[in-house]
Amino acid sequence: MSIGIRNRESGFSGLGLAMRLELVAIEVHLGDELGELQTAIAQALLAYGEPLRWAVTRVEGDSRSNPYGNRQLAHVEAVVIVPS
């Protein structure tokens, strides 16, 4: 899994709370089950902070080219909350 294509951040502070939002882009290899992909994405994003929202923005590859496994790669963009 490749992680950290680009990061942008902005800050927020109010009501005595301080936090930072970061835009993170990662790549995750697709598995056979949708639940596995969601778990893999959530786990990868926890390395950056608490995921606020994420989306698969692009899928590359062809699963038919490899009979022994899926070679598709999902590109994911996410906003994560990082405590300050």
Side-chain angles (χ1 to χ4, degrees):
M1 174 181 349
S2 301
I3 298 177
I5 297 169
R6 73 176 173 225
N7 291 327
R8 283 188 278 171
E9 59 184 66
S10 65
F12 172 78
S13 128
L15 301 174
L17 301 173
M19 66 181 75
R20 193 173 74 233
L21 299 179
E22 284 189 14
L23 174 62
V24 178
I26 62 173
E27 298 174 346
V28 178
H29 289 279
L30 294 176
D32 294 329
E33 298 293 326
L34 180 59
E36 292 174 8
L37 174 63
Q38 292 172 337
T39 301
I41 290 169
Q43 290 297 317
L45 291 174
L46 284 175
Y48 294 96
E50 181 69 29
L52 182 60
R53 62 186 321 170
W54 57 266
V56 175
T57 58
R58 187 172 78 223
V59 175
E60 294 179 345
D62 185 1
S63 61
R64 296 171 294 193
S65 63
N66 183 3
Y68 301 106
N70 197 331
R71 294 283 181 157
Q72 290 181 308
L73 186 66
H75 295 262
V76 178
E77 291 186 3
V79 175
V80 296
I81 302 170
V82 181
S84 295

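From a predicted model like this one, the values you see are computed outputs, not experimental measurements.
Separation of atoms CD1 (Ile81) and CG (Leu52) is listed at 4.5 Å; rounding is to 0.5 Å. A distance of 10.5 Å separates CD of Glu60 from CD of Gln72, quoted to the nearest 0.5 Å.
With sequence neighbours excluded, no residue forms a side chain to side chain contact (heavy atoms under 4.5 Å, CB included) with Arg53. By the side chain to side chain contact (heavy atoms under 4.5 Å, CB included) test, Glu36 pairs with Glu33, sequence neighbours left out. In this structure Val56 satisfies the side chain to side chain contact (heavy atoms under 4.5 Å, CB included) test together with Ile41, Trp54, Val59, Ala74, Val76, sequence neighbours excluded. Under the side chain to side chain contact (heavy atoms under 4.5 Å, CB included) criterion, Leu46 pairs with Gln43, Glu50, Pro51, sequence neighbours left out.
A 4.5 Å side-chain heavy-atom check between Val28 and Leu73 finds every atom pair outside the cut-off.
The nearest pair of heavy atoms linking Ile26 to Tyr48 is CG2-CE1, 4.1 Å.
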